[in-house]
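Read the numbers this way: they start at 1 and go in the same order the structure lists the ligands and their atoms. Only heavy atoms go into these numbers, but all of them, side chains included; no hydrogens, no water, no symmetry mates.
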Amino acid sequence: MTDSIRVTGGRALNGEVHVRGAKNFVSKAMVAALLGSTPSTLRNVPRILDVEIVSSLLRLHGVGVDYDVESGVLNADTTTLSPADAVDIAQHAGSSRIPILLCGPLLHRLGAAVIPDLGGCRIGDRPIDFHLEILTKFGAEVRQADDGLHLSAPNGLRGIKHELAYPSVGATEQLLLTAVMAEGITTLHNAAVEPEIKDLIDTLQKMGAIISVDTDRSITIEGVTELRGYDHVSLTDRIEVGSWAAAALATGGDIFARGAQQRHMGSFLNTFRKVGGEFDVTPDGIRFYHPGGDLKSIALQTDVHPGFMTDWQQPMVVALTQAKGLSIVHETVYENRLGFTSALNQMGAHVQLFRECLGDKQCRFGQQNYQHSAVISGPTPLKAADIEVPDLRGGFSYLIAALAAEGTSTVTNIGIIDRGYENFRGKLTALGAVID
Ligand code: EPZ
């Protein structure tokens, strides 16, 4: 498959897309299967590159992984779990950050784990300091070697009291996956409470874990000595749903996202409505459409759940280039997630970046010289351009921009988009996009 796509824009996207399970839950649930002494079954699993990457990582550890694309059912048999080689892990992990989450389960089940150098999207530093601090506090010993970090737990893992400096999704998952089988009680304060984390907690509970979540971002876990496999249906990918909704808005279209769940998308739906988009919630999904007339400018700030997700920001910025007036976007989760806007300017958008916090709160990046606020002046007609995808969500946003633009754009490095958008080429074609 070629790593570029030609998009002839200027047409509204109309029709239906089926959105399956959430990339950012499915990959973690697959890791959770490692904790079970019996096989697990995960349902509603999309065919995306991240699922393939985690499947490879599990297989390297002796896990039998069997995935049926049509039904979306993935079975993971962990009864033959065994250690893997560091070089093989690095080779299969690609740029994924998932290997860091394997540490707790592997320490419990095998007594050792290896992590290669970690990648992920180029949207900021994306350090792993929170993860290593948590693992060491539980009792893991970390040794740096040429092929990565080697972890062991000679004295076992014991429950901890921990407070996160920032409600990090990955660090919360790290703590959950380690605490469920650690000896004694673990408490976490300032935890992330994204719906994908709630779904992970439900999954772990099915496996035999004892976890309670309080209203103040604190989580308590009572360690148990053994967990079994699970059978679980993944929640829908709310990032993919938001991306299609933004595509409907930017192209003046009408898209029914089958599988979309309102309860996980409150802040997105409020924003969509304020910009001037319309939506109808049905039991089977949500219809998003541009009702005609001008879109409205807004002030938007990304935040941890229940705020407006950072992953919705990039697609929504493309739609805001078509809104009348000045919109303000303050990115408070990643310091470098507005860099993708330079290509939008190349296509005719007017997006200016600022180092200051242009929102109603001061964020961690305000004093650090990062261009993390944007002022978007619209509406600006977009024109075709040759653009290179910088990261997963930025990449899908470039496709939206190319679809909204007059003329034929060439978008390169699109392989990244396969990490999180199932069959996006087929879905675009079904919506009437002209691509080749
Ligand atoms: C998850 O990343 C998602 N990835 C991201 O989605 C998502 O944008 C992010 O959560 C926020 O919702 C996966 O689930 C695989 P974090 P994660 O730890 O867990 C800082 C996508 O496109 N931090 O909540 O890595 C970090 O730099 C991806 O699907 C530390 O400082 O995000 C960031 O500023 C992109 N030290 C903030 O916390 C650490 O050790 C939030 O990151 C870890 C994080």
Side-chain angles (χ1 to χ4, degrees), residues 21-32 46 48-51 53-54 57 93-103 115 118-137 142 149 162 164-177 188 190-200 217 234-235 237-243 264 267-268 302-315 331-338 340 363-366 368 370 372 389-397 416-422:
K23 158 187 167 284
N24 291 345
F25 164 72
V26 163
S27 48
K28 324 298 171 61
M30 289 171 72
V31 174
I48 51 172
L49 198 53
D50 269 24
V51 167
I53 292 171
V54 186
L57 291 173
S95 61
S96 167
R97 284 167 60 84
I98 292 295
I100 185 82
L101 292 178
L102 264 60
C103 292
I115 333 171
L118 290 172
C121 282
R122 285 181 279 147
I123 52 178
D125 268 353
R126 304 199 73 188
I128 56 165
D129 52 334
F130 295 168
H131 296 257
L132 293 177
E133 187 190 350
I134 287 169
L135 287 162
T136 351
K137 242 169 131 172
V142 184
L149 300 177
H162 194 70
L164 285 171
Y166 183 81
S168 149
V169 169
T172 301
E173 291 160 345
Q174 178 73 260
L175 183 133
L176 284 167
L177 290 165
L188 174 63
N190 204 23
V193 290
E194 268 60 11
E196 292 77 13
I197 290 179
K198 297 265 180 64
D199 222 16
L200 181 63
R217 287 192 180 275
S234 168
L235 79 169
D237 197 309
R238 64 198 173 112
I239 308 176
E240 186 184 342
V241 172
S243 304
H264 299 137
S267 59
F268 180 87
T302 65
D303 212 338
V304 294
H305 190 74
F308 189 91
M309 293 184 90
T310 170
D311 303 277
W312 288 323
Q313 176 263 106
Q314 289 156 304
E331 169 60 60
T332 76
V333 180
Y334 288 114
E335 68 274 25
N336 193 22
R337 215 171 193 179
L338 286 168
F340 82 108
C363 78
R364 298 168 294 153
F365 310 134
Q368 296 185 52
Y370 294 116
H372 70 294
V389 166
D391 63 77
L392 172 58
R393 307 301 167 191
F396 194 83
S397 307
I416 296 179
I417 302 175
D418 288 309
R419 283 190 54 187
Y421 293 88
E422 180 176 40

Charged N to carboxylate O under 4.0 angstrom, E331 versus R337?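 The answer is no: the pair does not qualify as a salt bridge.
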
Whether E196 and K23 form a salt bridge (side-chain N of Lys/Arg under 4.0 Å from carboxylate O of Asp/Glu) is what I want to check.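 So K23 does not pair with E196 through a salt bridge.
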
Where's the contact between D311 and ligand 1, heavy-atom distance under 4.0 Å: side chain, backbone, both or neither? side chain

Looking only at distance, does [X] have an N or O less than 3.5 Å from an N or O of ligand 1?
{"X": "F130", "value": "yes"}
{"X": "E194", "value": "no"}
{"X": "M309", "value": "no"}
{"X": "P127", "value": "yes"}
{"X": "S27", "value": "no"}
{"X": "S168", "value": "yes"}
{"X": "N24", "value": "yes"}
{"X": "R393", "value": "yes"}
{"X": "Y166", "value": "no"}

Show which atoms of ligand 1 fall inside a sub-4.0 Å distance from at least one heavy-atom site of [X].
{"X": "R364", "answer": "34 (O)"}
{"X": "L392", "answer": "22 (O)"}
{"X": "I128", "answer": "40 (O)"}

Going by the angle between their ring planes, with limits at 30° and 60°, are F308 and F268 parallel, tilted or perpendicular? parallel

Looking only at heavy atoms of E133, does any of them come nearer than 4.0 Å to an atom of ligand 1? no

Looking only at heavy atoms of Q314, does any of them come nearer than 4.0 Å to an atom of ligand 1?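 Under 4.0 Å: no for Q314.
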
Considering V169, D50, V333 one by one, which has a heavy atom nearer to atom 16 (P) of ligand 1 than any of the others? V169

